[in-house]
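Take a look at the structure set out below.
Residues take their numbers from the sequence shown, with the count starting at 1. All values derive from a computational prediction rather than experimental measurement. Every number for a ligand or one of its atoms is a count from 1 in the order of the listing.
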Amino acid sequence: MEILIYQTYEELSKASAQVVADLINSKPNAVLGLATGSTPLGLYQELIRMHKEEGLDFSHVSTFNLDEYVGLSPDHPQSYHYFMHENLFKDINIEPQNVHVPSGTTSNYHAFCQWYEQRIEQCGGIDIQVLGVGSDGHIAFNEPSSSLGSRTRIKTLSEQTIDDNARFFEKKEQVPIYAITMGVGTVLEARKLILLANGTSKAQAIADAIEKPVSSMCTASALQLHPDSIFFLDTQAAGKLKMLDYYQWIQAKKPGAPPSS
Ligand code: GLP
């Protein structure tokens, strides 16, 4: 695991966007796994800037989103379809047929989940999966007690997640209770994982994910099992890490480190 700590949200957004842009520049038909929530908004803003100012080309890129609320249609303002369109897709040159977001309104969730997994495989697997983290340590909507081998399926949201996400809805009662989400096992198959977190509300989840044993009670801890995962944190989200000095030491010494490949 690589742990990178930045003074500001802007810096962490730019650094994580650069990793995605480097992939697209070296592999124009890259497959991206994308996340919603407020955390990756800065990364998406930076990708849009790179597209507009530097010609970053998404015309051969494919994307797969992590999750969607059950019951919300793509035109619902709180659906993740709508979020992605508004915050990224409408401002880059991605082909609509290359965009995949789980359906919150399919008539057969089981069949849809199987199709989604197959479609990821058909596209050659995910090159980089962008992740945020819930305050209860979830990745995508893999709530505490989700199997670390889980695949795309329906999950029941925890009360903590419903409370956290209520800020996007008029009333807490409007937050859907169920979601369709990639599993932890699905996420772990991506070739690279980048997890972004900022703010004090994520500090405990980050400390659990990085420094506690791997556990289904904090599904972000599954990143410990992945050979190529990077945490992009601001100083607040990193605030409860016991080995913080060591991670900052590694980061500072990185430019002089022997090349690993
Ligand atoms: C939701 C999403 C997660 C996201 C989390 C954190 O639960 N399913 O993918 O990481 O929210 O959201 P935010 O970045 O707004 O804190």
Is the ring centre of Tyr246 less than 6.0 Å from the ring centre of Trp249?
no
Does the gap between the ring centers of Phe168 and Tyr69 come in under 6.0 Å?
no
Nearest 0.5 Å, what's the CG-CG distance between Leu4 and Asp234?
13.0 Å
Rounded to the nearest 0.5 Å, the CG atom of Asn93 sits from the CG atom of Leu56 at a distance of 8.0 Å
Side-chain donor or acceptor of Glu143 paired with backbone N/O of Lys155 under 3.5 Å:
no
Would you mind listing every salt bridge (Lys or Arg N to Asp or Glu O under 4.0 Å) that reaches into residues 59-76, with sequence neighbours excluded?
none
May I have every N or O pair linking ligand 1 to the protein at under 3.5 Å, one per line with atom names and distance?
{"residue": "ligand 1", "atom": "7 (O)", "partner": "His138", "partner atom": "NE2", "Å": "2.8"}
{"residue": "ligand 1", "atom": "8 (N)", "partner": "Asp67", "partner atom": "OD2", "Å": "2.7"}
{"residue": "ligand 1", "atom": "8 (N)", "partner": "Ala140", "partner atom": "O", "Å": "3.1"}
{"residue": "ligand 1", "atom": "10 (O)", "partner": "Val133", "partner atom": "N", "Å": "3.3"}
{"residue": "ligand 1", "atom": "14 (O)", "partner": "Ser38", "partner atom": "N", "Å": "3.2"}
{"residue": "ligand 1", "atom": "14 (O)", "partner": "Thr39", "partner atom": "N", "Å": "2.9"}
{"residue": "ligand 1", "atom": "14 (O)", "partner": "Thr39", "partner atom": "OG1", "Å": "2.4"}
{"residue": "ligand 1", "atom": "15 (O)", "partner": "Ser38", "partner atom": "N", "Å": "2.8"}
{"residue": "ligand 1", "atom": "15 (O)", "partner": "Ser38", "partner atom": "OG", "Å": "2.8"}
{"residue": "ligand 1", "atom": "15 (O)", "partner": "Arg167", "partner atom": "NH2", "Å": "2.9"}
{"residue": "ligand 1", "atom": "16 (O)", "partner": "Lys202", "partner atom": "NZ", "Å": "2.6"}

